[in-house]
Engineer: 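Below is a structure I'd like to ask you about.
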Amino acid sequence: RDRIGGRTWTDERWGRRLELGGTWVHWLQPHTWSEITRYGLDVEPSPSARTVHWIADGAVHKSDAAAFDELIAAGMDRLAADSRTWFPLPYRPFHRAGLDEVDGRSVADYFAALDLPPVEREVTTGVWAEHFNGPAAESGLTQAMRWCAAASGDWRLLHEATSGYRLTAGTAALARAIAHDGDAEIHLGTPVSAIRQAGSGAVVTTADGQRFTARRVVCTLPLNVLDTIEFLPGLPEPKLAANAERTASQGLKTWIRVRGEVEPFTAYAPDDHPLTFARPEYTVDGDTILVAFGTRADRLSPTDHDGVVCALRAWRDDLDVVEDD
């Protein structure tokens with residue numbers, strides 16, 4: 001890449017900062033929050049939705065936010081309670097023995113086994129698919145439980161932590177502050193082809209043949225691309241297996257500019273829809289900028305204007321899309 005930050009990526013679009021990658025932060029995330037406070041960065045709240053538009057049983061429904069929370073409460077409460085049983089210490093995920101009982105199950109499997117009305121099951125499963133940014137049938141139950149446990153078994157707190165507050169200056173500001181403070185030598189646009197242990201150190205070889213030696217190498221590559229690098233000696237079998245299976249996150253994120261100022265709302269859809277989540281985040285020059293997510297990037301391109309318009313109209317046909325990005 002030509003930037004640092006990985007999954008965090010702040011860019012200038014439509015005259016303001018927009019997050020193209022990870023966005024929300026919270027004091028519930030102790031390591032991230034310590035860095036935010038270390039560098040004196042401010043956070044601001046995302047808009048609170050007054051209404052929720054949700055799709056279930058092939059129809060669009062509308063309610064206030066409290067009524068929607070009540071709709072999903074039974075399934076979410078059950079998962080949150082189970083999360084404290086299986087992950088009493090979420091920062092040590094293997095602390096409790098017997099995880100084989102829940103490992104290998106998806107969130108879709110979990111909610112399918114609960115005695116829930118069909119509409120509640122469909123909506124709650126869709127909410128979790130949005131959390132994973134991937135299909136619910138491929139989203140691990142243990143990961144969902146660990147998230148809930150990290151929020152002290154409170155799914156409402158989990159929702160606040162994962163979409164409630166954003167860095168005022170953007171996530172890039174935090175990445176830049178850490179990089180500046182570390183005084184590291186940074187090489188951008190330099191793909192690595194191999195990492196080899198050599199004696200008491202390691203040698204990193206780049207695609208263009210450069211070699212760097214170090215006492216230690218910290219590899220922070222996303223799981224799905226670990227196999228693009230040759231490791232000598234090879235990676236342990238569990239890591240290779242996880243890389244072969246891939247992660248659930250395979251979705252898309254897009255920003256949509258609609259005409260006029262729109263009252264804050266949230267929209268949810270089952271994970272077979274092109275977009276599964278949308279809500280307003282900013283206003284610019286009298287228009288509203290929505291952020292939206294879908295669980296399958298191969299079904300909709302963020303730059304497909306007509307496709308984005310069609311996906312948004314699954315919830316609301318009263319929004320006039322000016323641009324999408």
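All figures in this text were calculated on a predicted structure; none of them were measured in a lab. The first residue of the sequence shown is numbered 1, and numbering continues consecutively from there.
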Engineer: Is the number of heavy atoms from other residues, nucleotides or ligands under 6.0 Å of Glu12 CD greater than 12?
Structural biologist: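 It does: Glu12 CD has more than 12 such atoms within range.
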
Engineer: Taking the side chain as C-beta and beyond, is there a heavy-atom pair between Thr254 and Phe293 under 4.5 Å?
Structural biologist: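 No, too far: nothing below the 4.5 Å cut-off.
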
Engineer: Are the side chain of Ser193 and the backbone of Thr205 linked by a donor-acceptor contact shorter than 3.5 Å?
Structural biologist: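 A pair under 3.5 Å: yes.
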
Engineer: Can you find a side-chain donor-acceptor pair between Glu263 and Thr51 that sits under 3.5 Å?
Structural biologist: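 Not at all, the side chains of Glu263 and Thr51 share no donor-acceptor pair under 3.5 Å.
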
Engineer: Applying ring-ring contact (aromatic ring centres under 6.0 Å, His included), which residue pairs with at least one partner in residues 298-325 are found, sequence neighbours left out?
Structural biologist: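 Sorted result for residues 298-325: empty, none.
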
Engineer: Any donor-acceptor pair under 3.5 Å linking the side-chain atoms of Thr85 with those of Asp82?
Structural biologist: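 Note: Asp82 and Thr85 side chains miss the donor-acceptor criterion.
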
Engineer: Does anything in residues 220-234 pair up under salt bridge (Lys or Arg N to Asp or Glu O under 4.0 Å), and if so which pairs, sequence neighbours excluded?
Structural biologist: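 For residues 220-234, and leaving out neighbouring residues, the salt bridge (Lys or Arg N to Asp or Glu O under 4.0 Å) pairs sorted by first residue read Asp227-Arg246.
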
Engineer: Please, which pairs that meet ring-ring contact (aromatic ring centres under 6.0 Å, His included) have at least one residue in residues 198-253, sequence neighbours excluded?
Structural biologist: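 Counting only pairs at least two positions apart or across chains, the ring-ring contact (aromatic ring centres under 6.0 Å, His included) contacts touching residues 198-253 are His187-Phe212.
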
Engineer: Between Lys253 and Glu19, what is the shortest heavy-atom contact and its length?
Structural biologist: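 Looking at all heavy atoms of both residues, the shortest contact is NZ-O, 2.8 Å.
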
Engineer: Please determine, by modelled atom types, if Thr288 and Glu261 share a side-chain donor-acceptor pair under 3.5 angstrom.
Structural biologist: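 Checked: Thr288/Glu261 side chains show no N/O donor-acceptor pair below 3.5 Å.
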
Engineer: Taking the cut-offs as 6.0 angstrom to the six-membered ring centre and 45 degrees off its axis, would you call Arg13 and Trp255 a cation-pi pair?
Structural biologist: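 Not flagged: Arg13 not positioned over aromatic ring of Trp255.
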
Engineer: What pairs with Thr303 under side-chain hydrogen bond (donor to acceptor under 3.5 Å, both in side chains), at least two apart in sequence or on another chain?
Structural biologist: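 side-chain hydrogen bond (donor to acceptor under 3.5 Å, both in side chains) list for Thr303, sorted by chain: Ser301.
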
Engineer: Please verify the inter-ring angle class for Trp27 with Trp33; under 30° counts as parallel, over 60° as perpendicular, anything in between as tilted.
Structural biologist: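 Aromatic pair Trp27/Trp33 classed perpendicular.
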
Engineer: Looking just at side-chain N and O atoms, do Trp24 and Ser46 make a donor-acceptor pair shorter than 3.5 Å?
Structural biologist: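 The answer is yes; a qualifying pair exists.
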
Engineer: Check salt bridge (charged side-chain N to carboxylate O under 4.0 Å, His left out) between Arg279 and all other residues, then give those that pass, not counting sequence neighbours.
Structural biologist: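 In terms of salt bridge (charged side-chain N to carboxylate O under 4.0 Å, His left out), with neighbours along the sequence ignored, Arg279 is linked to Glu281.
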
Engineer: Would you give me the side-chain donor-acceptor pairs under 3.5 Å for residues 140-151, sequence neighbours excluded?
Structural biologist:
from: Gln143; atom 1: OE1; to: Arg146; atom 2: NE; distance (Å): 3.2
from: Gln143; atom 1: OE1; to: Arg146; atom 2: NH2; distance (Å): 3.2

Engineer: Is a donor from one side chain sitting under 3.5 angstrom from an acceptor on the other, for Asp208 and Thr206?
Structural biologist: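 A pair is found: one side chain offers a donor N or O, the other an acceptor, under 3.5 Å apart.
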
